[in-house]
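Report on the following structure.
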There are 2 protein chains.
Amino acid sequence: MALRHAVLAALLDEELSGYQVTKAFAAGVANFWHALPQQVYAELARLEKEGLVAGREVVQEARPNKRLFHVTGEGLAELESFASAAAKPSFLREDLLVQVQAADHLDTDVLIERLTERFAFAEAKAALFDEQLRTMRGGCDEAEFLLRGARVGPYLTCRRGRDFERANRDWCRDVVEVLRARREVRAES
Amino acid sequence: MALRHAVLAALLDEELSGYQVTKAFAAGVANFWHALPQQVYAELARLEKEGLVAGREVVQEARPNKRLFHVTGEGLAELESFASAAAKPSFLREDLLVQVQAADHLDTDVLIERLTERFAFAEAKAALFDEQLRTMRGGCDEAEFLLRGARVGPYLTCRRGRDFERANRDWCRDVVEVLRARREVRAES
DNA sequence: TAGCACATGTAAGTAGTTACATGATTGA
DNA sequence: TCAATCATGTAACTACTTACATGTGCTA
């Protein structure tokens, strides 16, 4: 049940509305967790009921009113105790990998199409993360920022997200190459 | 609902019992999917009922009897249609990343402990995958095997699994380094 | 004038986890 | 004799996904 902790972590550095948290989950938070808006709203309600976050109403004129949430002392304590327990390693669970596992029994063209789609997706996401990293660094060079920057947690998880997508991209490229080369070998014989 | 397809993919190259499939999910299949024994047995029952796999009873003397399953023509067709639909990209969902996201607000020692545990786990898993890759290649060198080997699907997914764990290992190492360096900087001032 | 961003959810269904059950054989 | 491996599940619970609901105001 780490969604609650992911929401808490997302709220640590700034006060956010439920809507903003869902936006964060679609963008930056995607580096370390993923959740749909419905889950986020439900979790925020639970966290508030348990006193781990507190919300305050903000009345707006041109837009619907909203509630801004922040992490309470109890919420921070909950995160501390979460971090002190062993993290369970996560596993890969990915459609595309299942498809490639079956590659020797499936149509090559179809697979290459999937891999090409995914290549483009990974490339785009990696570029997006790179931009976020540049923004977080500001003018600093990376080594300096990591040593003396105010908050490096989000930076480090974002870097993991970027490297994950880069690895996906490179893997897609390599697999396409292999499948094409094998097709030519088959055609020759 | 890709568990069914993961099970089908695992059964493509050899006839396996439910028990053996659960073992595969604990080891090699972990490269492209993850599931607990209960899920595997339930899924096999469903797949059999729908005619996507077929089982045959094998009577044993020294051990309990078992049922060996293989993929039927319909099962293969199901995999084909699965591969022809766009694969939904998966997302990172990992406790340790949540903990590092909150790093600036948590105790550094505790985090370094988590990262060190995970480093060792990733290292061990990467080594295991490397061994599996060597076994699959047999005597061949990699380029030759990828070009002319009989089945490259499992090899390619295993390589992704290995690279994923290597990336986890390297990230853990880098994060520990950053956290330690920052602690020293704080101590100086 | 149609669609998107803001803002917050409910309801129903599917998938995954945790806990438990059974019983034989083999190796330390 | 204690734990592990083989072999197969059931039951209860938690988490996640899909589909739907509501209403304003800004922008193309």
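Remember, it's a predicted structure, so these values are computed and weren't measured experimentally. FYI, side chains are in, hydrogens and waters are out, and symmetry mates aren't considered; it's all heavy atoms of this structure. Letters A, B, ... mirror the listed sequences (proteins, then strands); counts begin at 1.
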Quiz item: Got a second to check how far Arg162(A)'s CZ is from Leu133(A)'s CG, nearest 0.5 Å?
Solution: 5.5 Å
Self-check item: DNA chain D contacts made by residues 24-57 of chain A, counting heavy atoms under 4.0 Å
Solution: Trp33(A), Leu36(A), Gln38(A), Gln39(A)
Quiz item: Is Arg93(B) touching bases, backbone alone, or none of the nucleic acid, heavy atoms closer than 4.0 Å?
Solution: sugar-phosphate
Exercise. Could I get the full list of side-chain contact (heavy atoms from CB on, under 4.5 Å) partners for Gln38(A), not counting sequence neighbours?
Key: Leu36(A)
Practice problem: May I have all residue pairs that pass ring-ring contact (aromatic ring centres under 6.0 Å, His included) and include part of residues 167-189 of chain B, sequence neighbours excluded? | Solution: none
Exercise. With rounding to the nearest 0.5 Å, note down the distance linking CD in Glu74(B) to CG in Leu79(B).
Key: 12.5 Å
Quiz prompt | Interface limits on DNA chain D, where chain A has a heavy atom under 4.0 Å of a nucleotide atom | solution = dA15(D) to dG25(D)
Quiz prompt | Distance, nearest 0.5 Å, that separates OG of Ser189(B) from CD of Glu184(B) | solution = 12.5 Å
Exercise. Find the bend of the helix from dT1(C)-dA28(D) to dA28(C)-dT1(D) as the angle between its two terminal axes (five pairs each), to the nearest 10°.
Key: 50°
Quiz item: Is the number of heavy atoms from other residues, nucleotides or ligands within 6.0 Å of CD (Glu131(B)) greater than 12?
Solution: no
Quiz item: With the threshold set at 4.0 Å, does a side-chain nitrogen-carboxylate oxygen contact exist between Arg173(A) and Asp170(A)?
Solution: yes
Self-check item: Summary of ring-ring contact (aromatic ring centres under 6.0 Å, His included) pairs that have at least one residue in residues 100-159 of chain A, sequence neighbours excluded
Solution: Phe145(A)-Tyr155(A)
Quiz prompt | Under 4.0 Å protein heavy-atom contact, by nucleotide of nucleotides 23-28 of chain C - B base, S sugar-phosphate only | solution = B-SS--
Practice problem: Could you tell me whether a side-chain N or O of Arg166(A) sits under 3.5 Å from a main-chain N or O of Ala122(A), the two making a donor and an acceptor? | Solution: no
Quiz prompt | Side-chain (Asn31(A)) to main-chain (Thr157(A)) donor-acceptor, under 3.5 angstrom | solution = no
Self-check item: ring-ring contact (aromatic ring centres under 6.0 Å, His included) contacts touching residues 2-41 of chain A (sequence neighbours left out)
Solution: His5(A)-Phe82(A), His34(A)-Phe91(B)
Exercise. Tell me which of Gln60(B) and Ala2(A) sits closer to the 5' end of DNA chain D, going by the nucleotide each one is nearest to.
Key: Gln60(B)
Practice problem: Would you please name every residue forming a side chain to side chain donor-acceptor pair (under 3.5 Å) with Arg183(A), sequence neighbours left out? | Solution: Asp109(A)
Exercise. Kindly write out the residues that satisfy side-chain contact (heavy atoms from CB on, under 4.5 Å) with Arg114(B), not counting sequence neighbours, or none if the list is empty.
Key: Leu96(B), Gln99(B), Glu117(B)
Exercise. Report the C-alpha separation of Leu11(B) and Val21(B) in whole Å, then their side-chain angles, then the decisive distance to 0.1 Å, and conclude whether the side chain to side chain contact (heavy atoms under 4.5 Å, CB included) test is met.
Key: CA-CA 8 Å; Leu11(B) 284 172; Val21(B) 176; 3.9 Å; yes
Self-check item: Connected hydrophobic set around Leu68(B), excluding itself, where side chains approach under 4.5 Å
Solution: Val58(B)
Quiz prompt | Residue-level proximity of residues 8-21 of chain A to DNA chain D when a heavy atom falls under 4.0 Å | solution = none
